[in-house]
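These notes are about the structure you will find just below.
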4 protein chains.
Amino acid sequence: MVLCYDRSMATIASVTASGSKADQIIAATRSLFVRYGYRRTSVDDIAREAGVAKATLYLHFSGKEEMFREMIRRFQLLQEERCAAAEAIETSVENKIVALIDAVYGTTIEWFENTAHIEELKSVALHEISVPVDEPVQAFRRRLTRMIKAAEERGELRLSAVGSSAQDVAQVLLFAAYGAKHAAHATHASFHAALPGIVRLILVGMIPADIA
Amino acid sequence: MVLCYDRSMATIASVTASGSKADQIIAATRSLFVRYGYRRTSVDDIAREAGVAKATLYLHFSGKEEMFREMIRRFQLLQEERCAAAEAIETSVENKIVALIDAVYGTTIEWFENTAHIEELKSVALHEISVPVDEPVQAFRRRLTRMIKAAEERGELRLSAVGSSAQDVAQVLLFAAYGAKHAAHATHASFHAALPGIVRLILVGMIPADIA
Amino acid sequence: MVLCYDRSMATIASVTASGSKADQIIAATRSLFVRYGYRRTSVDDIAREAGVAKATLYLHFSGKEEMFREMIRRFQLLQEERCAAAEAIETSVENKIVALIDAVYGTTIEWFENTAHIEELKSVALHEISVPVDEPVQAFRRRLTRMIKAAEERGELRLSAVGSSAQDVAQVLLFAAYGAKHAAHATHASFHAALPGIVRLILVGMIPADIA
Amino acid sequence: MVLCYDRSMATIASVTASGSKADQIIAATRSLFVRYGYRRTSVDDIAREAGVAKATLYLHFSGKEEMFREMIRRFQLLQEERCAAAEAIETSVENKIVALIDAVYGTTIEWFENTAHIEELKSVALHEISVPVDEPVQAFRRRLTRMIKAAEERGELRLSAVGSSAQDVAQVLLFAAYGAKHAAHATHASFHAALPGIVRLILVGMIPADIA
DNA sequence: GATGAATGAGTCTTCATTCAT
DNA sequence: CATGAATGAAGACTCATTCAT
């Protein structure tokens, strides 16, 4: 199995490096939101964790919401970078799909440590803070569809064999991967390990005999 | 397509019928938690929505947590009832699988109106209130696996064709359905409509030529 | 030592006998106020302890305050009865004084079981409910003074020996008895046992040699 | 009569001086608890009296209980200081006893303004907040006993004359002083004035003729 | 007479945010 | 830049009392 993305290029550490005060604050924000969720984390907690006075937080960010927004922004930056890397790899379509899903969902698991509060965070982002956390997922779906279409055109996948469109296949892949990400007790490692099998099961009927 | 479960038997209305005060309170609880989540819904809000004084809530329930617990209990009762009905239908394995998934996830979508707060609620249930909301999902997985195994023994599915175990297939079905349930803007209707296609795509390689 | 008062004449049981509903309620009131104090005892608690519905309490009493007033009234009735009995005994002045103090303070200890909440109760009685709980104590002081004066006239006590008035001696006796009553962990029995020694120590300088 | 303790050394003012916010809060706490008792005083009341926002109270103290504890702590500090001063005076045993009692009970009357709520406060301290308010009183009893024993050894008191032990005499002195402190309407001044007479009456039988 | 159900006013406590220094 | 101190608004929960049955 190829290494899906070059971890040295973009790591959590590189995005949360504790250089500036702002970095410390965002690192504290991520850590606490992961552990306790948005609501249960008080601004006091963040200040204590970041080792600064509460008022200092307000020097750098307009409030709790902006700290959250910035934390998400850094996450999406990392995710985006890894996605681009995954698309650039030259390998079989199956491997590329695995790499892309891993870049998106694997990064999510890594950053958010598969926290039980992930969807409280998502819910807050969408409904109270207006961060379009769903947009990257849509982009992901489009990328995946494009990848499958290209493979079909190259003859690497035969969608006609299962009577489904590229959109349908991308959709089901995405659904299954999402489900796997949310399986209880999933870690980045377990997700990483299970992914190829899931992709293979879904694609199995579409791979021409001469390739399989 | 068969009707997955007989809606006249067990509907949300039948479980939240506004007969007693307790029913009114639980109905208000459900409605507000769906709209605003657990934390953002205050006990005052619930009292206002239910049309009773705050103290009355405490006459019927020991606190906010117990209102939540009772709301979940009623949901699980409904879900359980529909699952049993789905398992009892006599039809093709594909239809039965669709019916079972619909009984579990369709009911969830219906009850919680696919709220963006679903996982805040799940998180609160699991971590702060100790309601085992995951247990029914495990039961669901076992039922699904059993169904697939039975179909294989009857020759209705050929797992050997894709080299997967019944557990694997059940797992992927569950992952995909979970993903579909969480798709943005999914409604009970859209989920209901998409489900057969998803199930078919995953099972397509395992259905013997003489049946398909 | 003579028996200070005839217990068969007036006992707590005879005043709180659980005949009527009102009796049950007052018995519950006494028991709970002794155990938890006035504020910490809720009307719910009283209803539960008395085995009646909360609304029933309000049939018999206008509110929590009146239950308290009635409870005090019954206590004072008992105390009064025992005082009269103590005064009627024919014995030495020292014994009579002991008997009188015991009738007042011993009854208090018995009724209120030397509760730590005694003065919260007194404070509530005086300041919020306007029950003159101090009045009986003043009457007691007058009785004691009268007793001492009579003894002096009879030559049984010689106040001139210590240069104090009957009022002064009564006062100090009363102070010391009050202190003994409030000693930590005092029970009715321990108070009863310590009382003669205390009285003797205070009177010792006034007893004529021919009597002592 | 000697001045029992040098008031300029340790006064209520010096302990509650309204320098810091915490001081203001404790001063308000003392004043309100004295006037209304613990339960009847709400945190809102304290905030209003102290002239700060309610949240400010929680900045300085963890809650109502801690405000109470701190108020008691300051009282005990003052009491302790005055006791030490009383013991150091060089004068007759009678005067020293009066001075010591005044340091303990006089300070209590002064600080708590002989409030009717004194024992609700004591009860709350002992039973709900675990402040050992009885311990200083025990220390006081030991000091008093020691003082009497020393006087006996010096021949200043003759306990044999009344057939009592030093403990007994200390006990009765303490009881009587406690009673005087709790006399209705006692003020610090009236207590101060009555104390020497009370002590004298109790000690009168033990003072050798050559001294008296 | 007795009660189950209901409530308005009040309790203590927390939190995101601001401001003078 | 950084902070200690302060706060208004809101949160969950309790209680003595009332009323229709």
Side-chain angles (χ1 to χ4, degrees), chain A residues 20-22 24-25 38-48 50-68 128, chain B residues 20-22 24-25 38-48 50-68, chain C residues 20-22 24-25 38-47 50-68 128, chain D residues 20-22 24-25 38-47 50-68:
Chain A
S20 70
K21 276 263 155 70
Q24 282 174 50
I25 293 165
Y38 182 79
R39 289 266 144 59
R40 275 290 204 223
T41 299
S42 74
V43 174
D44 275 274
D45 294 335
I46 298 176
R48 202 174 311 116
V52 299
K54 210 174 4 166
T56 305
L57 302 182
Y58 287 88
L59 273 183
H60 293 274
F61 302 95
S62 72
K64 196 184 181 186
E65 297 194 352
E66 202 191 305
M67 295 177 216
F68 184 44
E128 297 176 38
Chain B
S20 70
K21 274 268 150 69
Q24 282 174 51
I25 292 165
Y38 182 80
R39 290 264 148 59
R40 273 291 204 221
T41 299
S42 75
V43 174
D44 276 272
D45 293 336
I46 298 175
R48 204 174 310 116
V52 299
K54 205 172 8 165
T56 304
L57 302 182
Y58 287 89
L59 199 64
H60 292 276
F61 303 96
S62 70
K64 196 183 180 185
E65 296 196 353
E66 201 189 305
M67 295 177 216
F68 184 44
Chain C
S20 69
K21 276 263 152 72
Q24 283 173 49
I25 292 166
Y38 182 79
R39 290 263 145 59
R40 272 292 204 223
T41 298
S42 74
V43 174
D44 274 274
D45 294 336
I46 299 176
V52 300
K54 209 173 4 166
T56 304
L57 302 181
Y58 286 87
L59 273 181
H60 293 274
F61 303 96
S62 72
K64 196 182 179 185
E65 297 194 354
E66 201 190 307
M67 294 176 219
F68 185 44
E128 297 176 39
Chain D
S20 71
K21 274 269 150 68
Q24 282 175 51
I25 293 166
Y38 183 79
R39 289 265 146 59
R40 271 294 204 222
T41 299
S42 74
V43 174
D44 276 272
D45 294 337
I46 298 175
V52 299
K54 209 174 2 166
T56 303
L57 303 182
Y58 287 89
L59 197 66
H60 293 276
F61 303 96
S62 70
K64 196 182 180 184
E65 296 195 354
E66 202 189 304
M67 294 178 217
F68 185 43

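Values below: all heavy atoms of this structure, side chains included; hydrogens, waters and symmetry mates excluded. A note on names: the letters A, B, ... follow the listed sequences, proteins ahead of strands, and every chain is numbered from 1.
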>> How long is the straight-line distance from CE of D:Met67 back to NE2 of D:His60, given to the nearest 0.5 Å?
In response: 10.0 Å
> Sequence neighbours excluded, which residues qualify as ring-ring contact (aromatic ring centres under 6.0 Å, His included) partners of D:Tyr58?
Replying inline: none
> Going 5' to 3' along DNA chain E, which nucleotides are the first and last within contact of chain C (any atom under 4.0 Å from a heavy atom)?
Replying inline: E:dG1 to E:dA6
> Could you state the CD-C1' distance from B:Glu65 to F:dC13, rounded to the nearest angstrom?
Replying inline: 13 Å
Taking only nitrogen or oxygen atoms into account, show me every contact under 3.5 Å that the protein makes with nucleotides 8-12 of chain F, one pair per line with its distance.
{"unit_1": "F:dA12", "atom_1": "OP1", "unit_2": "B:Lys64", "atom_2": "NZ", "d": "2.9"}
{"unit_1": "F:dA12", "atom_1": "OP2", "unit_2": "B:Val43", "atom_2": "N", "d": "2.9"}

>> Please report the interatomic distance CG(D:Asp44) to CG(D:Leu57), rounded to the nearest 0.5 Å.
In response: 9.0 Å
> Of the non-hydrogen atoms in A:Ala53 and A:Ala47, which two are nearest, and what is the gap between them?
Replying inline: C-CB, 4.1 Å
> Which residues satisfy the ring-ring contact (aromatic ring centres under 6.0 Å, His included) test with A:Tyr38, sequence neighbours excluded?
Replying inline: A:Phe33, A:Phe68
> Considering residues at least two apart in sequence or located in another chain, which fulfil the side-chain contact (heavy atoms from CB on, under 4.5 Å) criterion with B:Asp45?
Replying inline: B:Leu32, B:Thr41, B:Ser42, B:Arg48
> Toward the 5' end of DNA chain F, which comes first, A:Leu59 or D:Leu59, by nearest nucleotide?
Replying inline: A:Leu59
>> With rounding to the nearest 0.5 angstrom, report the CZ to CZ distance, C:Arg39 to D:Arg39.
In response: 8.0 Å
> Can you give the dot-bracket line for DNA chain F, using ( ) for pairs inside the strand, [ ] for pairs that cross earlier ones, | for pairs with another strand and . for unpaired bases, where Watson-Crick and G-U count if both distances are under 3.5 Å?
Replying inline: .||||||||||||||||||||
> Looking at CD1 of C:Ile46 and NZ of C:Lys54, how far apart are the two atoms once the value is rounded to the nearest 0.5 Å?
Replying inline: 11.0 Å
> Which residue, B:Val52 or D:Met67, contacts DNA chain E at a nucleotide closer to its 5' end, judged by nearest heavy atom?
Replying inline: B:Val52
